[in-house]
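Letters go in sequence order (proteins before strands), and every chain restarts at 1.
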Amino acid sequence: MRAGLYIHFPFCAAKCPYCHFSSLPWDETSYRTWRQGLEREAAAPREAGYEFDTVYLGGGTPSLLGPDEVVWVRELVQAHFFLKIEEFTLEANPVASRTNFFGGWREAGVTRLSVGVQSFDEAVLRTLGRPYTAEEALRFCRTGRRAGFDALSIDLMIGIPGETPAAVERSLDTALGLEPDHVSVYILENVEGLPFEELLVRHPVDEDAVVDAYDRIRDALEAAGLRQYEISNFARLGKECRHNLKYWRYEPFIGLGPSAGSHLPGRRWCNKTCLDDWADALSRNETIREDVVELTPSLAAREALVFGLRLVEGVDLGAFTERFNVDIMALFGREINELVAEGLLVLSAGRLRIPSRNFLVSNRILAKFV
Amino acid sequence: MGVPMKNIRNFSIIAHVDHGKSTLADRFIELTGALSARELKEQVLDTMDLERERGITIKAQTVRLTYKSLSGEDYIFDLIDTPGHVDFSYEVSRSLAACDGALLVIDASQGVEAQTLANAYLAIQNDLVLVPVINKIDLPQIQIEDSLEQMEHVIGLPRSEALLVSAKTGQGLPELFEAVVKRIPPPKGSPEAPLKALLFDSWFDSYRGVIVLIRVVDGELRTGDKIVLMASGAEYEAEEVGYLMPKPVKSGVLQTGDVGYLIAGIKKLSDARIGDTVTHRNRPTEKPLPGFKDAKSMVFCGIFPAGESNIEELRDAMEKLRLNDASLQYEPENSPALGLGFRAGFLGLLHREIVQERLEREFGLTLITTAPSVGYRVTTQTGETVEIHNPAGMPDSSNVTVIEEPVIDAVILTPDRYLGGLFKLLEERRGVQKKMEYIGPGRVLLAYTLPLNEVVFDFYNQLKQLSQGYASLDYEFVGYREGPLVKLDILINGEAVDALSLIVHEDKAQAIGRGLVERMRKVIPRQQYEVALQAAIGKRIIARETVKPFRKDVLAKLYGGDYTRKMKVLEKQKAGKKRMRRVGKVDIPQEAFLAILEVK
Ligand SMILES: Nc1nc2c(ncn2[C@@H]2O[C@H](COP(=O)(O)OP(=O)(O)OP(=O)(O)O)[C@@H](O)[C@H]2O)c(=O)[nH]1
Ligand code: SF4
Ligand SMILES: [Mg+2]
């Protein structure tokens with residue numbers, strides 16, 4: 001069975017004030033802890049029978065790793081997993097000093113570079129507390145573009161306090177100028193307890209402005225040949241992120257590293273979030289799995305529906321019944337019919353999907369199925 | 001327990017809010033050894049979570065203590081800790097009816113305040129002996145003299161009678177114990193007479209059923225006795241009697257003068273009526289005790305089930321809560337917008353809030369309560385006069401000849417330096433001054449007549465703000481007065497919603513209508529369709545706002561590690577709907593029903 005392999009690199013140059021991912025400021029000792037932990041985790045006994053065709057090195061900021069270190073990661077997983085890599089993504093942040101890594105990464109086997117630019121607008125970058133200028137970001141992406149990866153992806157973020165329509169436009173133009181193969185568009189999320197919360201409370205972002213920005217970006221991307229395939233993701237034909245598609249199609253993947261999630265048929269879990277806890281547990285041969293959820297057919301079907309509806313393609317109800325032995329219409333017939341009647345869902349040719357104009361109100365739809 | 005009746009002392013602790021009643025009760029409990037230091041926590045008699053969270057007493061609590069006096073004799077102290085807040089004054093009057101005396105506590109840093117006066121008068125009306133206690137003398141920079149002077153001047157208690165204590169440190173407590181023994185009289189009843197006991201509190205225990213508290217006035221009550229609850233005529237058998245020390249302790253018998261609990265397998269909750277008289281079936285007392293006056297409800301609102309809760313659960317919960325809160329009154333209501341529910345009467349807005357919270361917490365309900373309103377009296381064309389507890393029930397204006405609103409007599413005590421601001425406030429609130437008097441250096445008593453409607457909403461906060469917290473207020477209902485009142489309707493998408501109607505003063509209708517829809521726009525979440533909000537008097541629309549349809553409600557990002565978190569967000573969203581009620585096609589949250597409380 002095909003599966004994805006995710007490796008979490010939990011370090012960044014500095015912590016962004018809005019970030020809720022598991023990431024720490026880089027330091028040598030912690031880095032060694034991570035390497036040692038990863039060696040142990042990769043070698044640990046695990047569920048067998050999977051063929052890994054996508055590898056995703058995410059974080060954190062894995063682009064802090066030089067080519068040699070990426071080779072080390074690849075060789076480590078090669079030694080313990082049955083790999084048939086068709087896509088190998090490296091997440092990167094635009095940091096000027098790393099532009100000389102591109103060739104090496106390429107040689108290390110990276111096929112896809114995903115750059116967390118967030119914005120090409122100076123003021124917005126400062127609000128976000130990102131440690132680079134718009135100019136540096138642009139240079140980084142340009143060099144990356146030329147390095148010959150199969151795909152270059154750019155992350156853009158909207159819904160940032162103080163963001164103007166002009167700033168959104170500027171960012172979008174610059175991004176399109178790079179002719180990326182893939183663009184992800186995220187709306188900044190307020191997570192309670194983060195330093196950014198205070199700013200968001202003081203300067204709430206106008207809902208209409210965010211929606212307008214999203215619509216504007218979506219239209220421009222579509223016009224440039226980047227088709228929407230998921231709520232936040234756009235790609236040229238054939239350049240969709242195969243690894244991420246596994247998340248939305250509810251297909252199996254294994255995650256390594258602190259906080260990484262895994263999902264195999266019948267069960268999903270997350271690794272311990274804290275680097276030291278994760279590493280300690282590994283050194284003592286104890287379990288690193290937390291939040292283990294046993295997926296009954298009904299729960300699995302509901303989750304697959306909730307996540308699958310994020311895709312433009314939606315979900316194939318027939319395949320559903322086969323896969324989970326659960327008849328979605330029997331379970332949610334009334335809800336589905338109501339939503340279809342309201343125009344919030346479309347049911348045609350056995351597929352259920354959210355029309356893309358309703359993507360931004362999808363929680364209302366999805367909440368019916370949890 | 002071998003203590004003769006002459007050694008029983010039965011008293012309440014009364015005071016203004018926060019003057020230290022519950023803390024004083026702690027010292028009684030601690031220093032008489034009823035609870036060990038380990039068992040004792042601060043304000044130990046405030047047992048409800050709500051009381052502890054808010055730091056106020058809501059329910060009066062009874063405890064029996066044993067005290068060895070300096071003369072070496074054993075005494076029983078039956079002590080009742082009462083609440084200080086006006087909204088719970090019914091608790092005080094109930095408690096006083098079961099007592100022979102009261103400790104009137106005065107916070108030395110605050111002096112005599114409005115409920116000090118009100119509660120002192122209540123005790124005097126009940127012919128109780130008052131023992132004045134000046135508390136918090138451990139605080140620096142306090143003017144004990146001022147408190148003494150005010151006490152002497154307005155309550156008429158000679159300063160020589162006051163005991164100076166600190167409920168915090170225990171200073172002065174031994175002297176206070178002796179004063180209780182010497183000054184508070186023992187119970188007067190006759191042990192030989194037929195049983196006559198006052199039922200003064202009750203609650204529902206899920207294991208034991210109804211438990212009632214009684215004060216035995218005459219005769220005695222033993223386990224196994226056949227009893228009658230005189231008002232309802234219901235007959236039961238006393239299954240268990242005992243004392244609260246403060247933990248329940250079975251005693252087998254309650255004697256003349258005792259305060260204790262009684263479990264009698266009372267099946268019908270309405271049989272356990274506060275103020276009723278308990279007597280023996282075979283040898284009944286001739287005349288029941290006078291009982292209590294019904295509480296006078298000051299504000300009313302509708303209570304409706306929401307979320308998963310239903311009307312049967314709500315009815316059951318109201319009945320059980322009413323056992324424990326005799327000041328709560330209610331009748332069934334059928335609202336076109338919200339369906340079956342209850343129209344309930346409360347002593348004030350805090351009382352309303354507490355009732356809602358208790359219903360939700362103690363009975364696991366989800367509720368929507370509608371806009372609070374005072375009651376009105378309406379005379380129609382046919383000459384009929386009706387009391388209206390629900391603005392929606394107001395007859396058509398063409399059919400109404402007179403609308404009258406309730407008026408109150410308010411007493412405000414304040415340092416004189418705040419008078420300027422207070423006069424202005426009272427005038428804005430349509431107040432008429434009846435009296436102004438200096439009750440001590442720099443301290444003034446104001447008596448005003450005011451429409452109740454002007455006082456229940458936000459008045460108290462304003463009063464506190466204008467006086468930096470120093471002014472205090474007490475009020476009582478005195479009657480109805482005709483006024484230029486109009487019904488203000490709120491329309492949602494063009495339809496008047498009965499549960500949102502209000503009755504307001506004509507001059508203020510415009511401002512209130514505008515404020516109301518504006519506030520509602522802020523608290524009604526965006527929905528799938530546009531929501532039009534209008535305020536109208538009769539057919540005339542006086543204000544309008546719209547809630548734009550929502551455009552964004554999305555998890556913008558979802559990857560492998562997020563499954564659990566994202567599912568939780570969606571589950572929460574699904575559950576979030578619970579605190580709303582659907583009216584037509586619009587989900588209205590609780591805050592929108594209470595918007596009037598935020599309109600200035
Ligand atoms: N310094 C000092 N503080 C006291 C004393 N007595 C009570 N307090 C404090 O005053 C506050 C109110 O005390 P409570 O005992 O809850 O007052 P209460 O009269 O029971 O209040 P309600 O029941 O809400 O009317 C608390 O913070 C007590 O700690 C005292 O003698 N000295
Ligand atoms: S770079 Fe990304 S992972 Fe690192 S702190 Fe910023 S947002 Fe978080
Ligand atoms: Mg108290």
Side-chain angles (χ1 to χ4, degrees), chain A residues 4 6 8 20-22 56 58 155 157-159 184-189 207-208 210-212 214-215 230-232 243-244 246-248 250 253-255 259-263 268-271 273 290-291 293 299 302-303 306-307 310 342 344 359-370, chain B residues 306-308 366 492-493 518-533 545-589 591-592 598:
Chain A
Y6 175 83
H8 190 75
H20 64 270
F21 300 108
S22 160
Y56 197 107
D155 289 356
M157 190 182 277
I158 55 174
S184 302
V185 182
Y186 302 122
I187 299 174
L188 180 72
E189 207 185 314
E207 178 172 328
D208 292 312
V210 183
V211 175
D212 291 344
Y214 175 89
D215 287 348
E230 194 260 359
I231 294 182
S232 318
H243 183 83
N244 287 344
K246 292 194 167 89
Y247 298 143
W248 304 314
Y250 211 57
F253 60 89
I254 288 209
S259 85
S262 299
H263 169 220
R268 63 174 169 80
W269 67 90
C270 282
N271 282 354
T273 307
E290 278 180 349
D291 295 329
V293 177
L299 179 58
R302 277 181 287 149
E303 291 196 353
V306 163
F307 302 136
R310 297 180 63 89
E342 283 184 78
L344 291 168
F359 270 151
L360 285 196
V361 294
S362 56
N363 276 7
R364 218 192 124 229
I365 304 166
L366 301 178
K368 304 262 191 215
F369 303 127
V370 295
Chain B
E308 317 276 279
T366 308
I492 294 187
N493 290 338
E518 188 185 319
R519 167 77 190 163
M520 287 178 68
R521 169 176 59 75
K522 290 192 187 136
V523 296
I524 294 180
R526 288 182 171 208
Q527 331 223 334
Q528 196 183 348
Y529 308 104
E530 182 172 287
V531 180
L533 302 170
E545 294 273 348
T546 36
V547 180
K548 288 194 271 183
F550 65 54
R551 297 180 65 196
K552 180 174 78 72
D553 181 11
V554 66
L555 301 168
K557 201 172 186 178
L558 178 120
Y559 294 110
D562 298 339
Y563 284 0
T564 302
R565 208 168 68 84
K566 299 290 152 117
M567 285 302 274
K568 278 205 188 110
V569 171
L570 292 174
E571 275 160 23
K572 212 165 137 197
Q573 170 146 359
K574 193 174 182 184
K577 284 270 183 292
K578 285 186 180 162
R579 263 293 199 148
M580 305 224 215
R581 272 296 298 259
R582 199 148 238 249
V583 176
K585 281 196 146 193
V586 182
D587 287 322
I588 305 186
E591 303 85 69
E598 306 294 328

Asks: Under a 4.5 Å cutoff for heavy-atom pairs, which residue among B:D562, B:L558, B:T564 has the most contacts with chain A?
Replies: B:L558
Asks: Please classify the contact of A:L344 with chain B as side chain, backbone, both or neither, using a heavy-atom distance under 4.5 Å.
Replies: side chain
Asks: Please round to the nearest 0.5 Å and tell me the distance separating atom CG of B:D587 and atom CZ of B:R582.
Replies: 4.5 Å
Asks: Kindly assign one of parallel, tilted or perpendicular to the pair A:Y250 and A:F307, based on the angle between their ring planes and the thresholds 30° and 60°.
Replies: tilted
Asks: Relative to chain B, which segment of A:N271 carries a heavy atom at a distance below 4.5 Å: side chain, backbone, both, or neither?
Replies: neither
Asks: Please report the closest heavy-atom contact between B:Q573 and A:A367, naming both atoms and the distance.
Replies: CG-CB, 4.0 Å
Asks: Out of A:E342, A:R310, A:E303, which one racks up the most heavy-atom pairs below 4.5 Å with chain B?
Replies: A:R310
Asks: Any ion pair linking B:E598 and B:K522 (charged N to carboxylate O, less than 4.0 Å)?
Replies: no
Asks: Please examine the side chains of B:Q528 and B:P549, heavy atoms only from C-beta on, and report whether any two atoms are closer than 4.5 Å.
Replies: no
Asks: Applying side chain to side chain contact (heavy atoms under 4.5 Å, CB included) to B:V586 and B:V547, what does each step give before you reach the verdict?
Replies: CA-CA 11 Å; B:V586 182; B:V547 180; over 6 Å; no
Asks: Please report the shortest heavy-atom distance between A:R268 and B:Y563, naming the atom on each side.
Replies: CD-CD2, 3.4 Å
Asks: Would you mind checking which part of A:Y214 comes under 4.5 Å of any heavy atom in chain B, side chain (CB onward), backbone (N, CA, C, O), both or neither?
Replies: neither
Asks: Only pairs of heavy atoms separated by less than 4.5 Å count here; which of A:V293, A:L360, A:V185, A:V210 has the most with chain B?
Replies: A:L360
Asks: Less than 4.5 Å to any heavy atom of chain B: does that hold for the side chain of A:D155, its backbone, both, or neither?
Replies: neither
Asks: Heavy-atom cut-off 4.5 Å, strictly under: side chain, backbone, both or neither for A:V361 against chain B?
Replies: both
Asks: For A:F253, which atoms come within 4.5 Å of any heavy atom of chain B: side chain, backbone, both, or neither?
Replies: side chain
Asks: For A:I187, is it the side chain, the backbone, both, or neither that has a heavy atom closer than 4.5 Å to a heavy atom of chain B?
Replies: both
Asks: Indicate yes or no: does B:D553 engage B:R526 in a salt bridge with an N to O separation below 4.0 Å.
Replies: no
Asks: Most heavy-atom pairs under 4.5 angstrom with chain B, which of A:N244, A:I365, A:L366, A:V370?
Replies: A:V370
